[in-house]
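If you're wondering where the values come from, they're calculated on a predicted model, not measured in any experiment. A, B, ... follow the sequence lines: proteins, then strands. Residue 1 opens every chain.
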2 protein chains.
Amino acid sequence: MVALESLKTQDRLLDRQAASSIRRQIVSGMMPPGHRLLETELARNLEVSRGTIRSALMQLTSEGLVCQVAFTKWEVAPASVHEAWELYTLRAVLEGLGARLAAERATPASRTQLAKAFSELEKAAKAGNREAIVDADFNLHRTVIGMSGHGRLIQQHERLIQQVRFQMTHIGLTARDYHHLLEDHRALKDAVASGDADKAEQLARTHNSAEVERLLAESVKEKSAAAGRDSPG
Amino acid sequence: MVALESLKTQDRLLDRQAASSIRRQIVSGMMPPGHRLLETELARNLEVSRGTIRSALMQLTSEGLVCQVAFTKWEVAPASVHEAWELYTLRAVLEGLGARLAAERATPASRTQLAKAFSELEKAAKAGNREAIVDADFNLHRTVIGMSGHGRLIQQHERLIQQVRFQMTHIGLTARDYHHLLEDHRALKDAVASGDADKAEQLARTHNSAEVERLLAESVKEKSAAAGRDSPG
DNA sequence: ATTCAGTCAATTGTCAACAATTGATTATAG
DNA sequence: CTATAATCAATTGTTGACAATTGACTGAAT
């Protein structure tokens with residue numbers, strides 16, 4: 001049976017649609033960090049009222065993509081190594097919990113779904129399609145979290161992913177080589193599918209911790225390079 | 001030097017004040033789970049416009065205290081064992097991360113603050129003041145998280161605490177005996193203050209896991225008692 | 001008795017006008 | 001020339017009116 005799409009979906013509300021539109025533009029990099037958001041301009045472009053835009057901007061603020069200075073302005077959230085550090089440290093523990101619960105609750109159906117998500121990643125990696133790899137990567141993580149049966153975790157994780165994509169675009173964290181990426185995910189998938197909760201949690205955490213390490217390493221490199229330029233003598 | 005209160009604080013915005021007012025009423029138990037929230041009535045009571053109330057309700061929705069059914073109604077969020085389970089599992093990993101970071105970054109000043117927060121709990125426990133104990137308990141956890149220097153963690157933790165208090169009020173989880181409570185917190189405080197990150201994380205996690213166990217144990221008891229009433233033969 | 005379309009009151013969703021605040025600009029005093 | 005106060009345009013904050021949607025109620029057809 002195909003689940004009938006709920007007619008009471010909230011997506012038809014104008015403020016949600018406006019938020020989706022602006023979110024896409026932020027996450028895709030079209031609107032860079034610090035970009036000023038004018039209610040009037042957005043209202044004109046999206047052909048809705050200012051009140052609707054305000055509602056959308058408030059949603060995006062609660063998602064961490066927009067910042068508000070009361071009585072003054074709205075801006076796209078800043079991107080920095082510290083922001084990225086916050087996201088990855090949070091992500092490590094949230095995905096750790098998700099992987100543990102997923103392993104404990106795996107069913108034949110969810111295992112199949114997980115295997116499928118992994119094979120999509122494999123396919124993308126073999127094709128070498130950069131964008132498809134990123135999508136499949138996030139989707140695999142989303143699948144694991146979805147298996148947890150933890151509503152709040154699922155929602156927070158989704159928000160986190162959007163923020164990670166946003167920061168990635170602007171921090172310029174280089175991609176890992178596909179072989180290691182694939183093996184990391186295979187191990188995680190197998191741990192979850194086999195019900196090894198401890199191992200699943202540990203793999204999910206170290207997977208993200210590794211990203212933090214790479215991030216900080218690159219940031220140190222950049223800093224020392226900048227210092228070298230500043231005072232080359 | 002006393003920090004000058006920022007004049008640009010967002011608290012003077014009417015929607016924030018309205019949200020605070022409604023939040024207080026929900027967390028304190030005045031508005032029970034499922035209680036219907038009428039925009040017009042709230043607007044009348046708080047003497048602001050409906051638009052302002054809408055904005056407040058959206059904030060509270062993003063905080064997990066209110067639910068929206070589009071075009072139909074706003075309600076106080078449901079309380080249940082599952083909700084409480086979600087909160088405590090999340091809390092375990094978030095406070096685990098917070099305690100780890102706090103231990104890594106402890107300074108003389110923050111250690112003093114932590115010691116003070118603990119002694120407040122001690123004082124409340126000795127006095128046997130139920131409400132003061134709960135406040136001091138949450139405040140101690142807040143202090144640890146605050147030491148992490150992790151903005152997103154601090155914000156999410158604050159939201160989590162509000163939700164926990166709300167659920168506690170309505171699930172009716174009985175209090176632990178003060179002795180064990182105090183010793184748990186003393187151990188956590190000492191681990192953080194001494195910079196033992198691994199131990200701090202582990203203590204923070206098990207402290208919360210224990211609450212989950214108690215929660216589930218009581219829920220099973222209630223269920224079997226209910227089953228006993230239903231089919232006593 | 002039951003189903004189904006129509007009606008209606010209650011409620012939420014959207015909008016456009018108005019008020020308040022801010023930061024930049026200009027004018028003024030020293 | 002600098003510091004300070006007054007002014008102003010741009011922008012956000014708040015409101016009340018209007019539109020759309022829902023769920024309950026009604027009554028006719030079967």
Side-chain angles (χ1 to χ4, degrees), chain A residues 4-23 25-26 31-78, chain B residues 4-23 25-26 31-78:
Chain A
L4 196 55
E5 189 179 2
S6 169
L7 293 175
K8 227 177 222 172
T9 178
Q10 314 212 319
D11 299 2
R12 76 189 134 121
L13 271 64
L14 285 186
D15 57 347
R16 312 296 169 106
Q17 290 178 239
S20 294
S21 171
I22 300 169
R23 187 187 301 110
Q25 297 184 67
I26 293 176
M31 290 174 167
H35 177 85
R36 176 126 187 221
L37 298 162
L38 295 181
E39 296 180 358
T40 311
E41 181 184 327
L42 290 167
R44 185 163 13 93
N45 291 343
L46 298 178
E47 301 181 290
V48 294
S49 78
R50 256 188 64 221
T52 303
I53 292 295
R54 272 181 83 72
S55 173
L57 290 176
M58 284 177 45
Q59 290 171 232
L60 295 170
T61 298
S62 85
E63 293 174 21
L65 295 173
V66 164
C67 291
Q68 181 182 28
V69 183
F71 291 105
T72 306
K73 62 186 171 181
W74 301 89
E75 282 180 356
V76 175
Chain B
L4 196 56
E5 190 180 359
S6 170
L7 294 174
K8 228 176 216 168
T9 178
Q10 312 214 319
D11 298 0
R12 71 188 140 126
L13 271 64
L14 286 184
D15 56 347
R16 312 295 170 104
Q17 290 179 237
S20 295
S21 171
I22 302 169
R23 186 187 302 110
Q25 297 185 64
I26 294 175
M31 291 175 166
H35 176 83
R36 179 133 186 213
L37 298 162
L38 295 181
E39 296 181 358
T40 310
E41 181 184 328
L42 291 168
R44 183 164 16 91
N45 291 342
L46 298 179
E47 300 181 290
V48 294
S49 78
R50 255 189 67 222
T52 301
I53 292 294
R54 274 180 81 71
S55 175
L57 290 176
M58 283 176 47
Q59 290 170 233
L60 294 170
T61 299
S62 84
E63 294 174 20
L65 295 172
V66 163
C67 291
Q68 180 183 28
V69 183
F71 291 105
T72 306
K73 62 184 170 180
W74 302 89
E75 282 181 358
V76 175

Taking the side chain of A:S49 as heavy atoms from C-beta outward, which of C:dA16, D:dT14, D:dT12 is closest to it? C:dA16
Which part of the nucleic acid does B:L37 contact within heavy-atom distance under 4.0 Å: base, sugar-phosphate only, or nothing? sugar-phosphate
So what does B:Q68 hit on the nucleic acid, given a heavy-atom distance under 4.0 Å: a base, only sugar-phosphate, or nothing? sugar-phosphate
By nearest atom, which of the nucleotides D:dT14, C:dT12, C:dG13 is closest to the B:T40 side chain? C:dT12
Which part of the nucleic acid, if any, lies within contact of B:L57, taking any heavy atom under 4.0 Å across all strands shown: a base, the sugar-phosphate backbone alone, or nothing? nothing
What integer distance in Å separates A:E39:CD from C:dA20:P? 17 Å
Check B:R50 with B:E39, please: is the shortest side-chain N to carboxylate O separation under 4.0 Å? yes
Whole Å only: how far is the CD1 atom of A:I53 from the C1' atom of D:dT11? 15 Å
For the side chain of B:R50, counting heavy atoms from C-beta on, which of C:dA16, D:dG13, C:dG13 is nearest? C:dG13
For B:R36, answer base if it contacts any base atom (sugar-phosphate contacts may also be present), sugar-phosphate if it contacts only those atoms, and nothing otherwise; contact means non-hydrogen atoms under 4.0 Å. sugar-phosphate
B:E75 CD to C:dT11 P, straight-line distance once rounded to whole Å: 14 Å
note: A:W74, atom CH2; D:dG13, atom P; distance rounded to Å ~ 6 Å
If I take atom CG in residue A:L13 and atom C1' in nucleotide C:dC15, what distance separates them, rounded to the nearest angstrom? 14 Å
If you look at every heavy atom in A:L42 and A:M31, which pair is closest and at what distance? CD2-CE, 4.2 Å
Find the distance B:E41:CD to C:dT11:C1' and express it as a whole number of Å. 13 Å
Can a side chain N or O of A:T52 be found less than 4.0 Å away from OP1 or OP2 on C:dG13? no
Atom-pair distance (NZ on A:K73; P on D:dG13), nearest Å: 13 Å
Nearest to the side chain of A:R54, heavy atoms from C-beta on, is which of C:dC15, D:dT14, C:dT14? D:dT14
Measure from the side chain of B:F71, starting at C-beta and using heavy atoms only, and say which of C:dT11, C:dT14, C:dG13 lies closest. C:dG13
Over how many whole Å does the gap from A:R16 atom CZ to C:dT14 atom P extend? 9 Å
DNA chain C: B:L38 or B:G51, which has the more 5' nearest nucleotide? B:L38
Where do B:Q17 and B:R12 come nearest, in terms of heavy atoms and distance? OE1-O, 3.1 Å
Working to the nearest 0.5 Å, report the span between CD1 of B:I22 and CD1 of B:I53. 4.5 Å
For the side chain of B:V48, counting heavy atoms from C-beta on, which of D:dT21, C:dT12, D:dT15 is nearest? D:dT15
OG of B:S20 to CG of B:D15: how many Å apart, nearest 0.5 Å? 9.5 Å
